[in-house]
Amino acid sequence: MEIIDILKLRYGLNPVFIKHHRNVYKVQTVEKTYSLKVYDWPVHHNFHYELHRQLKNNGFNYFPQVIPTLDGSNSAIDSNLIYILSEWIEGVKPSFSNKDHLKNASAFLGSFHLAALISDQGILSKGPNDFLLPYSFFDVRVGQYRNGVIYEKLIEWVQQFGTDPLRIAQERMEYAAYIFPLDIYKELVETEEEKNTFIHGDYNNSNVILSTKGQMYVIDFDDSSSYLRVSDLIFLCHLYMGKEGEWLLDILKSYHRVRPLSELEFEFIKSQLFVPGKIYWEMHTKSFLDQQVSKEWIYQNLSMYCVYTVYQKIKMLSYSDLF
């Protein structure tokens with residue numbers, strides 16, 4: 001079935017304009033503008049819909065509302081494709097190279113996490129539950145990937161390219177594994193699991209919209225799961241703390257002012273900051289886009305993430321710095 005037929009027959013819409021980018025269609029009618037996302041892979045759409053409902057029940061409304069089909073379903077399925085229609089949030093993606101935007105996004109993440117609690121136990125069976133992961137450093141989830149995946153890739157890339165930045169990254173990863181506070185991690189998992197917390201799973205600048213009215217919205221819950229909320233914060237730090245770690249404390253303090261971190265959460269976060277997530281992200285993105293990675297590219301783009309000052313800055317970080 002064509003996109004226009006899905007919109008007319010399943011949603012009762014008569015579009016006057018459709019713009020396509022990857023798997024998202026911007027659909028404009030005379031009255032309103034919508035986003036139609038198309039999946040050709042299994043997606044936990046019922047779980048995501050329930051997470052939206054929980055957020056709304058907890059007073060958080062800053063995400064695109066899903067529009068039901070004419071028969072009341074939260075998605076339309078046709079020829080092994082899943083179609084999900086939602087509001088189109090008019091606005092721009094904030095620039096996380098702008099410190100104010102980044103601080104606001106970190107505070108916004110804190111407000112999202114305050115509402116990221118599941119009150120209905122039945123929801124948990126509908127989606128991924130990363131609380132069920134083994135208690136180990138390599139099974140900790142940060143962003144879309146686990147530490148073990150990052151470490152395996154680093155070893156592979158070191159063997160392939162043999163460059164100093166990647167060797168340093170591997171050493172940092174091994175140090176992070178060495179200092180990993182296993183008992184704290186276990187306690188955090190037990191505490192958060194009791195509260196039925198969940199995460200966005202891919203909180204970065206491409207999944208935040210600054211609306212024309214100046215309000216932030218979070219989009220794309222494809223990687224959401226039941227898990228430790230601070231893993232979203234760690235991911236944000238990995239990607240945007242700066243080549244000298246100059247914005248790390250700004251990110252943490254902005255979040256802490258909205259959702260105060262416990263000392264246990266802080267110690268866990270600190271241990272994960274030694275993980276070179278940014279390097280993995282850069283290299284994986286290149287591979288995903290089928291772009292060539294060379295030794296020259298590595299030296300130009302990854303050396304800055306291995307500087308000693310970042311390592312020292314994280315080591316000196318203390319809980320009192322958040323106040």
Side-chain angles (χ1 to χ4, degrees), residues 1-7 9-11 13 15 18-27 34-55 63-69 71-89 93 116 118 122-133 139-150 152-153 156 198-209 217-227 231-232 235 239 277 280-291:
M1 202 180 291
E2 298 293 327
I3 290 294
I4 195 164
D5 295 322
I6 291 288
L7 292 166
L9 299 177
R10 300 296 177 85
Y11 290 98
L13 297 179
I18 299 177
K19 184 178 180 181
H20 179 212
H21 178 65
R22 293 185 182 175
N23 69 325
V24 178
Y25 292 83
K26 182 179 182 180
V27 179
Y34 302 89
S35 169
L36 181 70
K37 196 163 185 180
V38 185
Y39 298 89
D40 58 1
W41 67 90
V43 61
H44 298 280
H45 56 97
N46 289 323
F47 177 67
H48 300 154
Y49 180 79
E50 292 296 339
L51 295 187
H52 291 176
R53 186 168 63 84
Q54 292 294 303
L55 288 170
F63 57 90
Q65 308 294 314
V66 172
I67 310 299
T69 61
D71 64 7
S73 301
N74 59 58
S75 66
I77 301 175
D78 181 75
S79 301
N80 296 319
L81 295 177
I82 300 171
Y83 300 85
I84 298 178
L85 188 73
S86 62
E87 296 176 303
W88 180 273
I89 306 299
K93 297 189 184 302
I118 298 174
I123 295 173
L124 299 177
S125 62
K126 296 181 180 178
N129 186 347
D130 288 324
F131 284 124
L132 303 178
L133 294 172
D139 289 291
V140 170
R141 179 182 170 188
V142 178
Q144 301 176 58
Y145 308 99
R146 300 175 191 172
N147 283 345
V149 172
I150 298 176
E152 288 172 8
K153 278 296 181 182
E156 178 186 320
F198 62 89
I199 60 172
H200 180 272
D202 191 18
Y203 191 80
N204 67 82
N205 119 289
S206 65
N207 288 328
V208 178
I209 294 176
Y217 286 79
V218 59
I219 62 172
D220 194 351
F221 285 73
D222 293 355
D223 294 292
S224 294
S225 70
S226 301
Y227 196 47
S231 66
D232 279 337
F235 189 55
L239 297 188
Y280 175 80
W281 179 263
E282 294 277 8
M283 295 284 281
H284 176 77
T285 300
K286 291 280 283 186
S287 303
F288 179 76
L289 297 174
D290 291 325
Q291 295 176 357

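What you see below is based on every heavy atom in this structure, not just the backbone, and it leaves out hydrogens, waters and symmetry mates.
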For I219, is there any backbone N or O sitting under 3.5 Å from a side-chain donor or acceptor partner on H200? yes
Side-chain donor-acceptor contacts of residues 76-84 below 3.5 Å, not counting sequence neighbours, with atom names and distances?
unit_1 : atom_1 : unit_2 : atom_2 : d
D78    : OD2    : M1     : N      : 3.2

For N46, which residues count as a side chain to side chain donor-acceptor pair (under 3.5 Å) partner, sequence neighbours excluded? N74
Restricting to side chain to side chain donor-acceptor pair (under 3.5 Å), what partner residues turn up for S75, sequence neighbours left out? H45
Main-chain N/O of G201 paired to D232 side chain as donor or acceptor, under 3.5 Å: yes
By side chain to side chain contact (heavy atoms under 4.5 Å, CB included), E50 pairs with (sequence neighbours left out) R53, I123, K126
Taking all non-hydrogen atoms of both residues into account, name the closest pair between P128 and S224 and its distance. CG-O, 3.4 Å
Q291 CD: over 12 foreign heavy atoms closer than 6.0 Å: yes
D220 meets the salt bridge (Lys or Arg N to Asp or Glu O under 4.0 Å) criterion, sequence neighbours left out, with K37
Can you list everything that forms a side chain to side chain donor-acceptor pair (under 3.5 Å) with S287? Sequence neighbours excluded, please. none
How would you list, by chain and number, every residue that makes a ring pair (Phe, Tyr, Trp, His ring centres under 6.0 Å) with Y145, sequence neighbours excluded? Y280, H284
Quick one: list whatever passes salt bridge (Lys or Arg N to Asp or Glu O under 4.0 Å) with R141, sequence neighbours left out. D130
Crowded around Y49 OH? As in, over 12 foreign heavy atoms under 6.0 Å? no
Partners meeting side chain to side chain contact (heavy atoms under 4.5 Å, CB included) with E156 (sequence neighbours left out): K153
Please identify each residue that fulfils side chain to side chain contact (heavy atoms under 4.5 Å, CB included) with Q65, with sequence neighbours left out. K56, F63, E87
With sequence neighbours left out, the residues meeting side chain to side chain donor-acceptor pair (under 3.5 Å) with H20 are none
For D290, all residues meeting side chain to side chain contact (heavy atoms under 4.5 Å, CB included), sequence neighbours excluded: none
